[in-house]
Amino acid sequence: MKTIRLKEGKERSLARRHPWIFDSAIAKGGGDAGETVRVESHSGQFLAWAAFSPASKIRARAWSFDEAQRIDAAFLDSACERAIAARSRFGLSSDGVRLVHGESDGLPGFIVDRYGDTLVAQFLAAGAERWKAVLTQALLRHTGLSRLYERSDANARSLEGLPPSTGWLAGEGATEVSIREHDWRFTIDIATGHKTGFYLDQRDSRGKFAAYTRRLGFQRVLNCYCYTGGFTVAALAGGAAHVTSIDSSAPALERARANLALNGMDAARAEFLDADVNASLRRFIEEGRSFDAIVLDPPKLAPTAAHAERAARAYKDINRLALKLLEPGGVLFTYSCSGGIGADLFHKIVASAGADAGVDGYIGERLGAAPDHPMTLAFPEGEYLKGLVVVRK
C-alpha cells in the first residue's frame, strides 16, 4: 500500500473527517490515478484511506477514516446501499431522485440520479473512475434497475485529468425519459440535458414557488435562465396569469414548451424568449415592464473561491436589474449554485444589488438544495445551492 505523508499541521481537516487533501498539504508520497493510498500525519499517524488523483489540486479524497477498513468492492457496495437507503427517509415527492451525492455519501466524485426506471451516473474523480465497474454493479443490485447511462462529461472531470465519457453502461434504448414531480410531469433527455439531464436539486423550490404563486396571486411572472421550464410549470400550476421565460438555449426552450403541453397548460399564458438574460432585463426596464414575481436561477458562475470576485459582479448585476423590475410587494426567488459563493456572501451580493437599485426587501426565506442533495456535518461544501426569497418593500 502506497503512502502519502502530510506537512506538519495539515492534518486538522482530516481529523474533523473532511475528505479533501489538497496538493499543497502533501510533504511526500503519491500513487497512480484512483489508487487507494494510506494518508499519514507529519509524525506518521494514520489519518485516512484515500483515492489519489495526481492531476487534481484536490490530490486525494478520503474513502474512510478507519484504519482497519479495507477499500474494496464490498466497501463500495455497502456505501452505495447506505446512500440509496437514506433517500427513503427524506419524504421526496418525485420519482426523480439523487441517490448518491459524492462526498456527502462517502463516495467522492460519484453522482447518481434516478429518473423513473433509469439511472444516470457521473464518475467525476479518479477514485470513482477506477472503481467504475464495481460501482455500476452496486447501483444495479441495490436499485433493481437494468438501465444505467453515464454522463461523465462535466468540467470537474477534466480537472482530474480524465477525458469525457458518456453512453450506456447497462441496458439500452431511448435517452428521453419522464418523471413525476409533485403533481406535474417533466420529460428529460439524459444524453443531452444539463448535468444528468434535469435540476433535481430545485424540486422543493419549484413546489414552494407554486405555493407562493397560489397564496399571493402572482399574475405576471418572469423566469430567467428557465432551462426546460420547471419554474414556469410551477408558476402556471399556482395560477399565474402569464409567465415570461428566458433562456439562451433553443432546445431547452422547445422542451419547456413540451413540458407545458405535457401538464395540460395553456400555451397562451406563456411567452418563451431565446435571448440573453441581462439584455432582456435591461430592455424590460426601458419598456417600463414590471412583474409580480421573478426567478433568477443562473448557471454556475464561480466553481471555486478563486472565481468569486468576478462572479459576484455578475450576480449583483442581474439581481439589481431584477429588483428594479419587481413590483412593490413582489417576490424575488434568487439563487447561486456556485461553490465559490457562500451563503453569507450571496446575501451581501443581493443586499448590495438592492442598494444600487434603490430597493429594500424582506428576506422571507433562505433556500437550498432538496434533501437528497445533502450537506453533512463534516462536509459543508455540500451546500453548493443557496437561495433567497426577497419580498420587495
Side-chain angles (χ1 to χ4, degrees), residues 1-83 85-86 100-111 124-131 135 156 159-160 302-306 308 338-345 368-369 371 373-386:
M1 181 66 64
K2 295 179 182 176
T3 298
I4 60 173
R5 184 161 291 192
L6 303 188
K7 296 176 182 177
E8 189 171 3
K10 295 297 185 179
E11 72 283 350
R12 296 189 185 96
S13 64
L14 283 171
R16 297 192 301 270
R17 296 188 169 236
H18 191 284
W20 288 352
I21 304 159
F22 288 91
D23 59 346
S24 58
I26 298 174
K28 63 179 181 179
D32 297 331
E35 184 177 8
T36 299
V37 296
R38 176 187 173 95
V39 184
E40 295 180 348
S41 69
H42 182 71
S43 61
Q45 178 186 8
F46 172 84
L47 296 171
W49 300 112
F52 194 73
S53 183
S56 176
K57 288 289 186 183
I58 305 175
R59 193 54 52 91
R61 290 172 167 83
W63 291 119
S64 173
F65 301 92
D66 178 1
E67 188 171 6
Q69 179 66 62
R70 287 179 58 87
I71 308 304
D72 55 14
F75 167 81
L76 295 166
D77 185 88
S78 294
C80 285
E81 184 178 23
R82 285 194 302 273
V100 181
H101 192 53
E103 282 82 345
S104 294
D105 284 305
L107 291 163
F110 186 44
I111 301 294
L124 302 178
E129 174 70 16
R130 190 177 181 106
W131 290 98
L135 292 169
L159 300 177
E160 294 283 307
T304 69
S338 295
I341 302 288
D344 288 345
L345 176 56
H373 297 64
M375 170 182 64
T376 64
L377 297 175
F379 189 66
E381 288 84 351
E383 188 186 21
Y384 66 98
L385 180 63
K386 287 78 57 177

* **Criterion side-chain contact (heavy atoms from CB on, under 4.5 Å) against Ser53, the qualifying member of Glu160, Glu129, Arg130** => Glu160

* Asked: Quick one: are Pro54 and Phe52 in side-chain contact, heavy atoms under 4.5 Å?
  -> yes

* Shortest non-hydrogen contact from Trp131 toward Asp72 -> CH2-CA, 3.7 Å

* Asked: Take atom CG in Asp344; do more than 12 heavy atoms of anything else shown fall under 6.0 Å from it?
  -> no

* Structure fact -> On a heavy-atom basis, the closest approach of Ala128 and Pro108 is CB-O, 3.9 Å

* To do: Describe, in one word, how the ring planes of Trp63 and Phe75 are oriented to each other, choosing from parallel (under 30°), tilted (30 to 60°) and perpendicular (over 60°).
  => perpendicular

* Structure fact -> For His18 and Pro380, the nearest pair of non-hydrogen atoms, with its separation, is CD2-CD, 4.4 Å

* Asked: Can you name the closest pair of heavy atoms from Gly102 and Ile111 and give their distance?
  -> N-CD1, 3.7 Å

* Identify the heavy atoms of Ile71 and Ser64 that sit nearest to each other, and give their distance. => CD1-CB, 4.0 Å

* Asked: Do any N or O atoms from the side chain of Asp105 and from the backbone of Leu107 form a donor-acceptor pair under 3.5 angstrom?
  -> no

* Asked: To the nearest 0.5 Å, how far apart are CZ in Arg38 and CD1 in Ile4?
  -> 11.5 Å

* To do: Sequence neighbours left out, what passes side chain to side chain donor-acceptor pair (under 3.5 Å) with Glu103? Give chain and number order.
  => Trp20, Arg61

* Asked: Rounded to the nearest 0.5 Å, how far does OH of Tyr384 lie from NE2 of His101?
  -> 5.0 Å

* In Å and rounded to the nearest 0.5 Å, what is the CD to CD distance from Gln45 to Glu67? -> 9.0 Å

* Asked: Can you tell me if NZ on Lys57 sees more than 12 non-hydrogen neighbours from other groups inside 6.0 Å?
  -> no

* Considering only heavy atoms from C-beta outward, does the side chain of Ile21 approach that of Leu6 to under 4.5 Å? -> yes

* For Pro374, does its backbone N or O pair with a side-chain atom of Ser104 as donor and acceptor, under 3.5 Å? -> yes

* To do: Mark yes or no for whether Arg17, through its side chain, and Leu14, through its backbone, hold a donor-acceptor pair below 3.5 Å.
  => no

* To do: For the pair Glu11 (side chain) and Gly9 (backbone), establish whether a donor and an acceptor sit closer than 3.5 Å, ignoring hydrogens and angles.
  => yes

* Asked: Is a salt bridge present between Glu8 and Lys10, judged by a nitrogen-to-oxygen distance below 4.0 Å?
  -> no

* Between the side chain of Ser338 and the main-chain N/O of Ile341, is any donor-acceptor distance below 3.5 Å? -> no

* **Euclidean distance, Gln69 CD relative to Ser78 OG, rounded to 0.5 Å** => 8.0 Å

* Please check if the side chain of Asp77 supplies one atom and the backbone of Ala73 the other of a donor-acceptor pair under 3.5 Å. => no

* To do: Take Cys80 and Phe110 through the test side-chain contact (heavy atoms from CB on, under 4.5 Å) and record every step on the way to the result.
  => CA-CA 10 Å; Cys80 285; Phe110 186 44; 4.1 Å; yes

Ignoring hydrogens and angles, write down the donor-acceptor pairs under 3.5 Å from the side chains of residues 22-36, residues two or more places apart or on other chains.
unit_1 : atom_1 : unit_2 : atom_2 : d
Glu35  : OE1    : Lys2   : NZ     : 3.3
Glu35  : OE1    : Asp32  : N      : 2.8

* Answer yes or no: is there a side-chain heavy-atom contact under 4.5 Å between Trp49 and Val37? => no

* Quick one: closest heavy-atom pair of Ala51 and Gly127, and the distance? => CB-CA, 3.6 Å

